[in-house]
There are 2 protein chains.
Amino acid sequence: MNMMGKIAPALPDLEPGHPCFDCAVRELAVCGVLEAAALRAFKSSGPTVHYKAGDTVVFEADEAANVYSLTAGLLRLSKLLPDGRRQIAGFLFPGDFLGITMEEEHAFTAEAVAPSTLCKFPRSRFDQMVASNPQLERRLYAVAAHELAAARQQLVLLGRKTATERVASFLLMISGRCTTRQGAEIDLPISRIDMADYLGLRIETVSREISALKVARVIQLTGRQTFRIIDRNRLDQLADGE
Amino acid sequence: MNMMGKIAPALPDLEPGHPCFDCAVRELAVCGVLEAAALRAFKSSGPTVHYKAGDTVVFEADEAANVYSLTAGLLRLSKLLPDGRRQIAGFLFPGDFLGITMEEEHAFTAEAVAPSTLCKFPRSRFDQMVASNPQLERRLYAVAAHELAAARQQLVLLGRKTATERVASFLLMISGRCTTRQGAEIDLPISRIDMADYLGLRIETVSREISALKVARVIQLTGRQTFRIIDRNRLDQLADGE
DNA sequence: CGCGATCCTTGATCTGCCTCATGAATCGAG
DNA sequence: CTCGATTCATGAGGCAGATCAAGGATCGCG
């Protein structure tokens with residue numbers, strides 16, 4: 001079912017003045033499959049919106065009236081149980097799509113973890129665009145299939161992995177998705193609480209596990225929000241329970 | 001993104017002699033969106049295959065050379081960690097589709113829990129059918145979105161629910177998907193071990209929780225593979241941690 | 001640069017579920 | 001039917017991670 005390669009097909013550059021001209025994630029996002037004219041029409045159907053850290057983009061049980069493409073920042077998808085327990089189902093990085101659902105309401109709350117920018121589209125207009133752009137539909141399917149694989153991988157982590165394995169797996173995931181700065185320094189834009197709620201642990205356990213990795217010289221904390229991987233092989237082993 | 005209703009669109013009955021004439025799940029399965037001629041071409045591209053309980057349909061890390069539609073029986077999707085820990089990511093019921101992935105290899109093993117019948121399609125032929133049948137693509141997207149929602153719901157269960165809540169949630173899910181016999185007797189075609197590996201628990205814990213529900217007169221065990229819900233409200237409460 | 005708020009770390013103790021062990025119920029084969 | 005194999009139930013004890021508690025680091029703001 002190879003409907004798309006790992007990377008979006010290369011498209012000719014947009015002319016200056018096109019609303020998406022300086023979008024950093026155009027080829028990464030679902031928009032990546034649209035050519036200039038279709039993209040212009042697409043973008044014109046909705047505004048660009050900004051949220052600051054902590055803001056709610058969509059609330060679970062809200063009507064799913066819009067879909068979004070994240071161009072900058074970081075979101076979390078979470079669900080709250082009646083007594084306050086919270087589970088984070090995933091994070092959205094720039095280029096990710098928000099709104100894969102066939103239901104009338106959102107099943108999860110989406111909140112900004114960092115200041116975020118999104119392209120917002122009314123669902124009705126979006127559905128029209130999808131209907132008239134087969135390659136957009138194909139891309140959406142690819143995105144959904146990818147998210148499904150990621151969610152199932154996370155089921156293994158939550159159902160069967162130990163605290164050490166969970167935290168090691170998480171740091172590896174982050175190292176793959178977050179900007180590496182000079183000297184292999186990795187940005188960790190997620191608080192201990194969010195890590196805990198994503199990994200099915202408590203904040204104290206996450207903190208202890210990170211400390212243990214530091215003491216064992218597997219990682220190095222270079223700031224509260226940055227770290228370095230010292231022993232990548234060991235971290236891989238710990239993540240897989242070897 | 002209302003590309004499909006809850007139920008597949010009603011199609012004219014097939015003529016006797018059509019290979020899918022007496023398929024019990026045609027409208028439920030992805031095939032449901034195809035009309036008689038397209039369906040005939042579709043079905044002719046692959047055989048019907050049978051597996052007995054315990055057989056492996058696809059092995060994780062196998063090349064994803066085929067896709068399947070389950071017409072009868074029950075499958076489990078599972079993953080094994082190096083040391084033998086196992087997590088079941090989900091079950092497939094008749095009408096469900098096996099093979100949503102953009103990867104070259106399957107990420108999970110699919111095994112028959114009960115004797116099962118599947119329509120098997122070479123991926124290349126299937127991709128052709130998808131490319132020439134937009135409604136099939138739309139349906140696949142709907143299926144993927146639905147599976148994604150289910151997987152994320154399971155993340156909440158595995159990350160944050162107690163053993164009691166997990167088992168109660170599971171029994172409710174089963175009661176919604178499995179054939180109710182006379183007297184509200186519900187079929188429970190899944191062993192304690194499979195329940196445990198699906199719920200992120202050990203078999204002894206599942207057994208104890210079921211016993212506790214029995215003692216509390218919330219359910220009644222009418223056989224090893226069948227039960228009755230005596231107090232549905234209470235079971236709902238227990239599932240949600242109220 | 002001083003102050004409160006927030007986030008993070010660390011220690012002590014507790015507990016829900018796991019592990020280990022055993023026997024009972026059920027099932028299939030002969 | 002009987003017998004062995006498998007699945008399920010239940011008890012006793014242990015442990016990974018939760019909970020409770022306290023202090024330290026970092027940040028935003030006047």
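Numbered from 1 within each chain, the chains take letters A, B, ... in sequence-line order.
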Visitor: Expressed as a whole number of angstroms, how long is the span from Gln225(A):CD to dC27(D):P?
Guide: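 Distance, rounded to whole Å: 9 Å.
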
Visitor: Given atom CD of Glu209(B) and atom P of dA9(D), what is their separation to the nearest angstrom?
Guide: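 It works out to 12 Å between those atoms.
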
Visitor: Any carboxylate oxygen within less than 4.0 angstrom of a Lys/Arg side-chain nitrogen, looking at Arg152(A) and Glu147(A)?
Guide: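 Looking at Glu147(A) together with Arg152(A), the answer is no, because their closest N to O distance does not fall below 4.0 Å.
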
Visitor: For residues 202-212 of chain A, which side-chain donor-acceptor pairs fall under 3.5 Å, sequence neighbours excluded?
Guide:
unit_1	atom_1	unit_2	atom_2	d
Glu209(A)	OE1	Thr164(A)	OG1	2.8
Ser211(A)	OG	Ser207(A)	O	3.1

Visitor: Among the nucleotides dC17(C), dC8(C), dA18(D), which one has an atom lying closest to any side-chain atom of Leu201(B)?
Guide: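 It is dC17(C).
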
Visitor: Please give, in whole Å, the distance from dT19(C) P to Asp83(B) CG?
Guide: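 Distance, rounded to whole Å: 10 Å.
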
Visitor: Applying a 4.0 Å non-hydrogen cut-off, can you work out what Ile210(B) is touching in the nucleic acid: base, sugar-phosphate, or nothing?
Guide: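 Touches nothing.
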
Visitor: When the distance from NZ of Lys161(B) to C1' of dG16(C) is rounded to whole Å, what number comes out?
Guide: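 Going from NZ in Lys161(B) over to C1' in dG16(C) covers 17 Å.
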
Visitor: Do any N or O atoms of the protein come closer than 3.5 Å to N or O atoms of nucleotides 20-24 of chain D, and which pairs are they?
Guide:
unit_1	atom_1	unit_2	atom_2	d
dC20(D)	N4	Glu204(A)	OE2	3.1

Visitor: Round to the nearest Å and state the distance from Arg85(A) atom CZ to dG16(C) atom C1'.
Guide: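 It works out to 13 Å between those atoms.
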
Visitor: Is Gly200(B) touching bases, backbone alone, or none of the nucleic acid, heavy atoms closer than 4.0 Å?
Guide: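 Result for Gly200(B) = sugar-phosphate.
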
Visitor: To the nearest Å, give me how far apart CZ (Arg160(B)) and P (dG16(C)) are.
Guide: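 Distance, rounded to whole Å: 16 Å.
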
Visitor: Donor-acceptor check, side chain of Arg86(A) to backbone of Ser78(A), threshold 3.5 angstrom: yes or no?
Guide: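 Looks like no, no N/O pair under 3.5 Å.
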
Visitor: Within the structure shown, what part of the strands sits under 4.0 Å from Ser207(A) by heavy-atom distance: base, sugar-phosphate, or nothing?
Guide: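 The residue Ser207(A) makes base contact.
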
Visitor: Quickly work out the Leu199(A) CG to dA16(D) P distance and round it to whole Å.
Guide: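 Taking atom P of dA16(D) as the reference, CG of Leu199(A) is at 19 Å.
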
Visitor: Out of dG17(D), dC8(C), dC17(C), which has the shortest distance to the side chain of Thr162(B)?
Guide: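 Of the candidates, dC17(C) comes closest.
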
Visitor: Does any donor atom in the side chain of Lys120(A) or Thr48(A) lie under 3.5 Å from an acceptor atom in the other side chain?
Guide: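 The criterion, which ignores hydrogens and geometry beyond distance, is not satisfied for Thr48(A) and Lys120(A).
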
Visitor: Take atom NZ of Lys52(B) and atom P of dG28(C), then tell me their distance rounded to the nearest Å.
Guide: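 Between P of dG28(C) and NZ of Lys52(B): 15 Å.
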
Visitor: Picking from dT19(C), dT19(D), dT9(C), which would you name as closest to the side chain of Arg202(B)?
Guide: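 Looking only at side-chain atoms, Arg202(B) lies closest to dT19(C).
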
Visitor: Any carboxylate oxygen within less than 4.0 angstrom of a Lys/Arg side-chain nitrogen, looking at Asp197(B) and Arg160(A)?
Guide: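 Here Asp197(B) pairs with Arg160(A) in a salt bridge, since their nearest N and O are under 4.0 Å apart.
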
Visitor: Inspect the contact between Asp231(A) and Arg217(A) and indicate whether a charged nitrogen and a carboxylate oxygen are less than 4.0 angstrom apart.
Guide: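 Salt bridge absent between Arg217(A) and Asp231(A).
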
Visitor: Lys161(A) and Ser169(A): side-chain donor and acceptor closer than 3.5 Å?
Guide: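 Side-chain D/A pair, Lys161(A) to Ser169(A): present.
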
Visitor: I want to check one thing: is the phosphate of dA16(D), taken as OP1 and OP2, less than 4.0 Å away from some side-chain N or O of Thr205(A)?
Guide: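 No, no such contact exists.
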
Visitor: When you match Ile203(A) and Arg166(B) each to their closest nucleotide on DNA chain C, which lands nearer the 5' end?
Guide: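 Its nearest nucleotide being more 5', the pick is Ile203(A).
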
